[in-house]
Amino acid sequence: MLDIKFIRENPELVRTAAARKNTDLDLDGLLRLDKERRENILEVEKLKQQLNTASAEIAKRKKAGENAAAAIAAMKAVSEQIGGMDARLREIESALQAKLLWVPNVPDESVPVGDESNNVTIRTWGEKPAFSFTPAPHWELGEKLGMLDLARGAKISGSGYFVLTGRGARLQRALINFMIDRHVREGYTEIRPPYLVTTQTMTGTGQLPKLADDMYKLGEEDMYLIPTGEVPVTNLHAGETLKAEALPLKYVSYTPCFRREAGAHGKDTRGMMRVHQFDKVELVKIVQPESSFAELELLTADAEDILQALELPYRVRMLATGDLSFAATKCYDLEVWSAGVDNHLEVSSCSNFLDFQARRMNTRYRPAPKEKLRFVHTLNGSGLALPRTMIALLENHQTARGTIRIPEKLRPYFGGEDEIG
RNA sequence: GGAGAGGUGGCCGAGUGGCCGAAGGCAGCUGCCUGCUAAGCAGUUAACGGGGAAACUCGUUCCAGGGUUCGAAUCCCUGCCUCUCCGCCA
């Protein structure tokens, strides 16, 4: 959420930002409500002051045993008037709040303007593997090696679900442990959050109200299945005032993620590339405002470390404004190369949200004693998404014999084995 | 699911209709004092919103939302959460 004062003072900036994010925005309606709100406050507070003064007077007279009937009668009318005006003000405020929740964050100046064709490759790492044969896609490798069962996933849950079996299931477990251990070594605290969260929590990080169609909502309760660990982990500190010396907070969590992927039909649907449920190791940072952009670089590097350790070539892309998510001001995508599907796959999005989420969650800190409270800045990034990491691992590390080579650094997590065959 | 207790400022904790934004204590901050691993004394310390260049000023806030009243932390209703006991349960 943006500060209403900021919007009031920079309407064109906000308008341009929304347009560049391809977001419809009724900015004029919002500003009108803001104006109306302040006018109403001015009016009703005048009356409240009158009422308060009179009430004190009534109390004094009653104590002195004097008659206060006239004043009470007069105040009854004022009180009623205030009641009506307060009701009106509440309506305005909730309408304003509703609109504010739909205003996207402003892209940082360093972000290229345009759609996804304007995304910029910042750097690349590793060499695409060379093969003396045509590399197979993961769905063939996985099925042949008894690691992946797509047919049964579809049977029990429908399209967009898969089953990992045997060494496939074990490999994923190994990867989760591997990732978490590495991040913990970098100073992240491991978190196991709930996977079902409230509407308020979903609103805190910005998934609601805008992305409601992309999420699974429970029928009986007012709860949602998390689309990413970002939601419960960032919201850990919703409504809190943090100590400055506690910052930055760095968390790593493993969670399943649930996505309806509404409107994504027909795109990357083969195998495990785009599914309704997948596992993810997520990094979250809560930091002081001055350091958030530097922390973004560090966070991205921490995610990259996983790909490097797994010997998977990738590129880092800075997203253009049109590709940037609703809440982000700047975002790097990590795209791993995968030989079988002959494509880059997004395995991580590392984003800085500035105080956009903090404002929604109401998470603040006091920079120093006596100083005013400020909103923290929040960041997150995958470290990494499991299915696509597994895809790249299977496809890039496949051998002519049809086996999969386990990268050296992962072997301790896979019983010391160096190959799946 | 059943029974009970409770939710007050950074923390503890008083407060059952009228200068209560809220006693007292702790913690913090500012002085003074003392020269010693600390104590004493005095003062001070909430958030949010409106107006104002500012000084400042006004309003709101005692879990949340309604209600009663001229006036509610205090009374009534609903909800949420926490704790204890019982039941159920991986």
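Hydrogens, waters and symmetry mates are skipped; everything else that's a heavy atom, side chains included, is used. By convention in this document, chain letters (A, B, ...) are assigned in the order of the sequence lines, proteins followed by strands, and residues within each chain are numbered from 1.
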Exercise. Which base, if any, makes a Watson-Crick or G-U wobble pair with B:G65, both distances under 3.5 Å?
Worked result: B:C77
Exercise. With rounding to whole Å, what would you report as the distance between B:C63 and B:G9 at their C1' atoms?
Worked result: 14 Å
Problem set entry | Base-pairing assignment for B:A42 (Watson-Crick or G-U wobble, both under 3.5 Å) | B:U30
Exercise. Quick check, are the ring centers of A:Phe162 and A:Phe278 under 6.0 angstrom apart?
Worked result: no
For this session: Please work out which of the three classes, parallel, tilted or perpendicular, describes the rings of A:Tyr161 and A:His276, given edges at 30° and 60°.
Result: tilted
Exercise. What closest approach, in Å, do A:Val111 and A:Met318 show between heavy atoms, and which atom pair accounts for it?
Worked result: CA-SD, 4.4 Å
For this session: Assign A:Ile58 to base, sugar-phosphate, or nothing according to its heavy-atom contacts below 4.0 angstrom with the strands shown.
Result: base
For this session: Determine the contact category for A:Arg374: base if any of its heavy atoms lies under 4.0 Å from a base atom, sugar-phosphate if only primed atoms, P, OP1 or OP2 are that close, otherwise nothing.
Result: nothing
Problem set entry | Gap in Å between the two P atoms, one belonging to B:G4 and one to B:U78, rounded | 14 Å
Problem set entry | A:Ala71 vs A:Arg37, nearer the 5' end of RNA chain B by closest nucleotide | A:Arg37
Exercise. How is A:Lys60 classified with respect to the nucleic acid when contacts are heavy atoms under 4.0 Å: base, sugar-phosphate, or nothing?
Worked result: nothing
Exercise. According to the Watson-Crick and G-U wobble definitions, with both distances under 3.5 Å, which nucleotide is paired to B:U37?
Worked result: none
For this session: Using the C1' atom on both, measure B:C89 against B:G79 and round to a whole Å.
Result: 27 Å
Seminar exercise, completed: Correct closest heavy-atom pair for A:Met202 and A:Pro227 would be CE-CD, 3.3 Å
Exercise. When A:Tyr251 is tested against each of A:His237, A:Lys285, A:Glu282 for side-chain hydrogen bond (donor to acceptor under 3.5 Å, both in side chains), which residue passes?
Worked result: A:His237
Exercise. Pick one: which of A:Lys409, A:Arg411, A:Arg405 meets salt bridge (Lys or Arg N to Asp or Glu O under 4.0 Å) with A:Glu311?
Worked result: A:Arg405
Exercise. Using the C1' atom in both, what is the distance from B:G6 to B:U57, to the nearest Å?
Worked result: 39 Å
Exercise. Which part of the nucleic acid does A:Arg61 contact within heavy-atom distance under 4.0 Å: base, sugar-phosphate only, or nothing?
Worked result: nothing
Exercise. Mind checking the P distance from B:G7 to B:C75? Whole angstroms is fine.
Worked result: 11 Å
Exercise. Distance under 6.0 Å and angle within 45° of the ring axis: does A:Arg170 meet both against A:Phe414?
Worked result: yes
For this session: Look through every strand shown and name the nucleotide pairing with B:G71 as Watson-Crick or G-U wobble, where both distances are under 3.5 Å.
Result: none
Problem set entry | Identified pairing partner of B:A47, criterion: Watson-Crick or G-U wobble below 3.5 Å | B:U60
Problem set entry | Closest-nucleotide 5' rank along RNA chain B - winner of A:Lys5 and A:Lys76 | A:Lys5
For this session: In whole angstrom, give me the gap between the P atoms of B:C19 and B:C62.
Result: 15 Å
Problem set entry | Between B:U8 and B:U74 - P atom distance, rounded Å | 14 Å
Seminar exercise, completed: If pairing means Watson-Crick or G-U wobble with both distances under 3.5 Å, then the partner of B:A3 is B:U84
For this session: Any chance you could measure A:Ile4, atom CD1, to A:Asp34, atom CG, to the nearest 0.5 Å?
Result: 4.0 Å
Exercise. What does B:G17 pair with, Watson-Crick or G-U, if both distances are under 3.5 Å?
Worked result: none
Exercise. If pairing requires Watson-Crick or G-U wobble contacts with both distances under 3.5 Å, which nucleotide is the partner of B:A23?
Worked result: none
Problem set entry | Rounded P spacing from B:A72 to B:U61 in Å | 8 Å
Seminar exercise, completed: Its 5'-most and 3'-most nucleotides having an atom under 4.0 Å from a non-hydrogen atom of chain A, RNA chain B is contacted over B:G18 to B:G71
